[in-house]
Visitor: 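Before anything else, here's the structure in question.
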Amino acid sequence: MNLFAELESEVRSYCRSWPVVFDRAVGSQVFDENGRAYLDFFAGAGALNYGHNNPELKKALLAYLSRDGMTHGLDMHTAAKRELLTALRDRILTPRGLDYKIQFPGPTGTNAVESALKLARKVTGRESIVSFTNAFHGMTLGSLSVTGNSMKRGGAGIPLVHATPMPFDNFLDGKVPDFLWFERLLDDSGSGLNKPAAVIVETVQGEGGINVARPEWLRGLAELCQRRDMLLIVDDIQMGCGRTGPFFSFEVAGIRPDIVCLSKSIGGYGLPLALTLFRPELDVWEPGEHNGTFRGNNPAFVTATRALELFWSDDQLQTRTEAKGDVVREALTAIATAHPELGAEVRGRGLAWGLEFHDPSAAAKVATAAFERGLLIETAGTDSEVVKVMPALTITHDELTEGLSILADAVTAL
Ligand code: PLP
């Protein structure tokens, strides 16, 4: 353990919550190097929706590697990329009536966000972007400028500009009509808000504490963007790929964003991959205007393609995710009811759930107690005040109920 503390930067974070050395992982089980098993309610912060080392995805990956398939491809045409584009078109976009061009912006989520912001600015010729309170969009400067968390923003060391936060759904406890403030600022030329190029939103804020936007709020936002000629960017990096049930989290609201950011589970296997999707008319990029060495992570194309074939040929995964979500909601509600003194609030959608306690320090204590009992579970929210329940979508019913009962024990121990 000392080697990590000695050699690895102080910036390391998750390992501080889970001070063991992990070695193997299968499905929803993770093993440390001493062979102790942990149940995974974290799923790589949303990068492992299909679990660890899914055997079908592994088979496709091993076959590709053993035939010396291209590993690194910049943005060259490769057979693996063609298969992924075809699968995205045939299994995801066409069945949903979505006509999007597909950009490979670089391997991580923040690359997709940066490219979306750049594109919106280029298309509209405007610089200002509207974001929402408690949003999280990544750690590079553009993404940080639309992120709420003050500690993360502080890490930039320079002013984060050209972005204006607006209240997310329910930020004002329902006391103010939706978008009243936003519309006032747009209407009043003395407001100080430059006309925005775009609005960027998460339908469920993951890192921000599992804050769930109502479908009607999302529809109101989409309508506002259209009426006011602002592009709508949905950051589906954490909540896409089935996390909330349907493939895209915005499907519940029946809206069509102008630009969509995907990453995390799009690679299927936990390999880095990100996509930026946008209406074809918005494709005003010059060749190479947004570039990056690792945009052609072909092994991730292979596992991404196989994941789309395996999980998105019908609506079974969605149905199962929603049913498992009901199990989680009931269990969390039972925990909250059993401990009225903790003032716990339960919220979520699909298989993304949060349990917020009246005392903000309680969530971290619960996560620690859960870890001691063999459950990996993280916290979310600006002050880490929410226990975040985010298992793989492929978790078995038994594993799900076992993890939920460990969680209940951890809360009782508190
Ligand atoms: N957007 C959202 C909604 C996220 O949850 C995250 C990461 O948690 C990002 C963007 C940034 O992704 P990455 O860490 O891969 O850059």
Side-chain angles (χ1 to χ4, degrees), residues 11-14 17 42-49 103-120 129 131-149 151-153 155-156 160 163 165 168-169 198-213 218 232-244 247-250 257 259-277 290 292-295 297 300 304 348-354 378-382 384 386 388-390:
V11 80
R12 64 198 192 281
S13 64
Y14 290 109
S17 314
F42 171 62
L48 291 165
N49 282 4
Q103 177 181 358
F104 294 85
T108 70
T110 200
N111 297 124
V113 172
E114 292 289 347
S115 69
L117 300 179
K118 281 190 196 174
L119 187 65
I129 306 280
S131 58
F132 289 98
T133 48
N134 288 305
F136 183 80
H137 295 290
M139 300 298 286
T140 50
L141 291 181
S143 303
L144 269 183
S145 74
V146 288
T147 287
N149 186 302
M151 190 271 270
K152 310 271 190 226
R153 289 174 66 87
L160 295 167
F168 190 71
D169 191 14
V199 174
I200 183 163
V201 69
E202 298 153 273
T203 65
V204 177
Q205 295 181 325
E207 300 306 299
I210 311 291
N211 306 314
V212 184
L218 292 167
L232 177 61
I233 305 169
V234 169
D235 177 346
D236 234 1
I237 286 166
Q238 186 158 158
M239 293 300 152
C241 303
R243 174 53 58 189
T244 67
F247 184 82
F248 293 111
S249 71
F250 54 81
I259 305 178
V260 181
C261 302
L262 284 178
S263 185
K264 294 207 188 249
S265 279
I266 190 63
Y269 201 70
L271 298 174
L273 179 62
L275 303 175
T276 316
L277 314 176
H290 181 94
T293 308
F294 289 107
R295 285 171 305 138
N297 183 6
R349 178 177 291 146
L351 267 176
W353 286 88
E378 247 302 296
T379 58
T382 308
S384 302
V386 179
K388 187 182 180 197
V389 179
M390 235 171 63

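Just so you know, ligand 1 is whichever comes first in the structure, and atom 1 is the first atom listed for that ligand.
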Visitor: Under a 3.5 Å distance rule, please check whether Glu202 uses its side chain to pair with a backbone N or O of Phe136 as donor and acceptor.
Guide: yes
Visitor: Enumerate the protein residues lying less than 4.0 Å from ligand 1, judged by heavy-atom distances, in chain and residue-number order.
Guide: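 Within the 4.0 Å shell of ligand 1, which is judged on heavy atoms, sit Thr108, Gly109, Thr110, Phe136, His137, Gly138, Glu202, Glu207, Asp235, Ile237, Gln238, Lys264.
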Visitor: Would Leu351 and Arg243 count as a side-chain contact (heavy atoms from CB on, under 4.5 Å) if you check the C-alpha gap in whole Å, the side-chain angles of each, and the deciding distance to 0.1 Å?
Guide: CA-CA 6 Å; Leu351 267 176; Arg243 174 53 58 189; 3.6 Å; yes
Visitor: Of all residues at least two apart in sequence or in a different chain, which pass the salt bridge (Lys or Arg N to Asp or Glu O under 4.0 Å) check with Arg349?
Guide: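 Once residues adjacent in sequence are excluded, Arg349 has no partner under the salt bridge (Lys or Arg N to Asp or Glu O under 4.0 Å) criterion.
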Visitor: Is it the case that the side chain of Asn49 and the backbone of Cys241 share a donor-acceptor pair, with hydrogens and angles ignored and the cut-off at 3.5 Å?
Guide: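 At least one qualifying donor-acceptor pair exists.
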Visitor: What are the two closest heavy atoms between Leu144 and Arg153, and how far apart are they?
Guide: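 In terms of heavy atoms, the two residues are closest at O-NH1, 3.2 Å.
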Visitor: Decide if atom NZ of Lys152 counts as having more than 12 heavy atoms of other residues, nucleotides or ligands within a radius under 6.0 Å.
Guide: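 No, not enclosed.
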